[in-house]
Amino acid sequence: MSDLLVTEKLTRRYVMGETVVSAVDGIDLTFHTGEIAAIVGRSGSGKSTLLHLLGGLDRPTSGDIAIQDRRMSELTDDELAILRRDKVGFIFQFFNLIPTRNALQNVELPLVLSGVPVRERREQAMTFLRQVGLESRAEHKPQELSGGEQQRVAIARALVMNPPLLLADEPTGNLDTKTSGEIVALLHQIQKEEGKSIILVTHDRELAETETDRVVEMKDGAIVDDRRSKR
């Protein structure tokens, strides 16, 4: 498998009064094309901070990240925003849907921001809603959808720009067991059929060990284990 994302001595420190906290501490990682990997660890271990760095939502204190050989340290803020838009799809625990917009409008938002014409973006958004099994719910707003349906809308939105990488922060953390299984199955389908790389943060160790290819374990901002899963 080819390398999709590489970190080099990645560090993120925060100053809290007189204390310096190393949320991410000198991490070297390589993620491959078509791989689904889980990042696990206790609360405060640095998982979400690492995920935000990988997606370009935050800048490191030192070190670097490259996505498809493009180094984030060499990009302006505008260039980084374009890289994030084109290369990374984000899936969040609490869905982050706009409550005043229906499912179709939520999915097409990245296309709106990219200047895609109305008819084309509606067609593309509907294609991805159909892929996640929600074509019939296109006109429904988030409050009219179940948690699982909202997460499916969020996944469709993450896919609509056709990024090579999906980053998921506790994608099943706000869902019941049955719905969580359905979302995991959908992510597997996306990985298998489209060759997407998926990196997910989770507290669910069973999910990490049985539903991903690789488990990266963090403690105090550092990687303490990086192993193949039991899948």
Side-chain angles (χ1 to χ4, degrees), residues 1 4-5 7 10 12 21 23-25 27 29-55 57-58 65 88-97 131-134 142 145-159 163-231:
M1 290 186 289
L4 175 68
L5 186 152
T7 76
L10 192 65
R12 184 66 170 98
V21 177
V24 170
D25 192 11
I27 286 177
L29 281 173
T30 298
F31 294 99
H32 306 291
T33 300
E35 176 181 52
I36 180 167
I39 301 173
V40 301
R42 293 182 178 180
S43 295
S45 61
K47 305 185 303 297
S48 291
T49 300
L50 175 59
L51 201 72
H52 291 168
L53 290 170
L54 297 181
L57 294 174
D58 190 14
I65 307 160
V88 186
F90 295 94
I91 304 166
F92 301 97
Q93 179 178 354
F94 295 103
F95 322 130
N96 286 15
L97 302 178
Q131 181 177 340
V132 300
L134 285 182
L145 302 172
S146 69
E149 288 172 334
Q150 290 184 64
Q151 192 61 292
R152 286 175 180 270
V153 173
I155 291 171
R157 181 184 58 192
L159 290 170
L165 174 64
L166 297 182
L167 298 180
D169 196 353
E170 297 285 358
T172 63
N174 204 35
L175 304 173
D176 61 46
T177 302
K178 179 178 181 296
T179 307
S180 295
E182 293 170 353
I183 293 301
V184 170
L186 177 59
L187 292 175
H188 281 311
Q189 178 185 338
I190 292 165
Q191 177 202 23
K192 181 178 179 181
E193 295 181 359
E194 301 187 25
K196 303 290 186 189
S197 299
I198 303 172
I199 303 172
L200 61 91
V201 160
T202 182
H203 282 91
D204 187 339
R205 288 182 175 271
E206 183 179 356
L207 184 156
E209 290 288 358
T210 62
E211 300 291 349
T212 71
D213 302 318
R214 174 182 174 193
V215 181
V216 176
E217 186 160 359
M218 293 188 69
K219 181 180 180 180
D220 298 331
I223 303 300
V224 294
D225 196 11
D226 185 353
R227 61 187 181 273
R228 303 306 297 175
S229 70
K230 299 173 184 176
R231 181 183 172 191

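Quick note: numbers below take in every heavy atom, side chains included, and nothing from hydrogens, waters or symmetry partners. Being a predicted model, the structure only gives us computed values, none of them experimental.
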For the pair Glu194 and Gln131, evaluate side-chain hydrogen bond (donor to acceptor under 3.5 Å, both in side chains) and give the outcome as yes or no after the intermediate values.
CA-CA 12 Å; Glu194 301 187 25; Gln131 181 177 340; 2.5 Å; yes
Might you work through the side chain to side chain contact (heavy atoms under 4.5 Å, CB included) test for Val132 and Val153, ending with a clear yes or no?
CA-CA 8 Å; Val132 300; Val153 173; over 6 Å; no
Spell out, as yes or no, whether a donor-acceptor pair under 3.5 Å connects the side chain of Lys196 to the backbone of Ile36.
no
Partners of Glu170 by salt bridge (charged side-chain N to carboxylate O under 4.0 Å, His left out), sequence neighbours excluded?
none
Identify, with sequence neighbours excluded, every residue that meets side chain to side chain contact (heavy atoms under 4.5 Å, CB included) alongside Ala208.
Ala38, Val40, Thr202, Val215
For Asp58, which residues count as a side-chain hydrogen bond (donor to acceptor under 3.5 Å, both in side chains) partner, sequence neighbours excluded?
Arg12, Tyr14
The salt bridge (charged side-chain N to carboxylate O under 4.0 Å, His left out) partners of Asp176 (sequence neighbours excluded) come to none
Those residues at least two apart in sequence (or on a different chain) that pass salt bridge (charged side-chain N to carboxylate O under 4.0 Å, His left out) with Arg205 are Glu217
In chain order, what residues pass the side chain to side chain contact (heavy atoms under 4.5 Å, CB included) check against Glu206, with sequence neighbours excluded?
Asp204, Thr210
Not counting sequence neighbours, which residues clear side chain to side chain contact (heavy atoms under 4.5 Å, CB included) with Thr30? List them please.
Asp3, Val6, His32
With sequence neighbours excluded, tell me which residues meet side-chain hydrogen bond (donor to acceptor under 3.5 Å, both in side chains) with Asp169.
Ser48
Under the salt bridge (charged side-chain N to carboxylate O under 4.0 Å, His left out) test, which residues partner Asp225, sequence neighbours left out?
Arg227
Run the side chain to side chain contact (heavy atoms under 4.5 Å, CB included) test against Asn174 and tell me which residues pass, sequence neighbours left out.
Gln93, Phe94, Phe95
Residue pair Leu53 / Ile65: nearest heavy atoms and the distance that separates them
O-CD1, 3.0 Å
For Thr7, side-chain hydrogen bond (donor to acceptor under 3.5 Å, both in side chains) partners two or more places apart
none
side-chain hydrogen bond (donor to acceptor under 3.5 Å, both in side chains) partners for Ser43, two or more places apart
His203
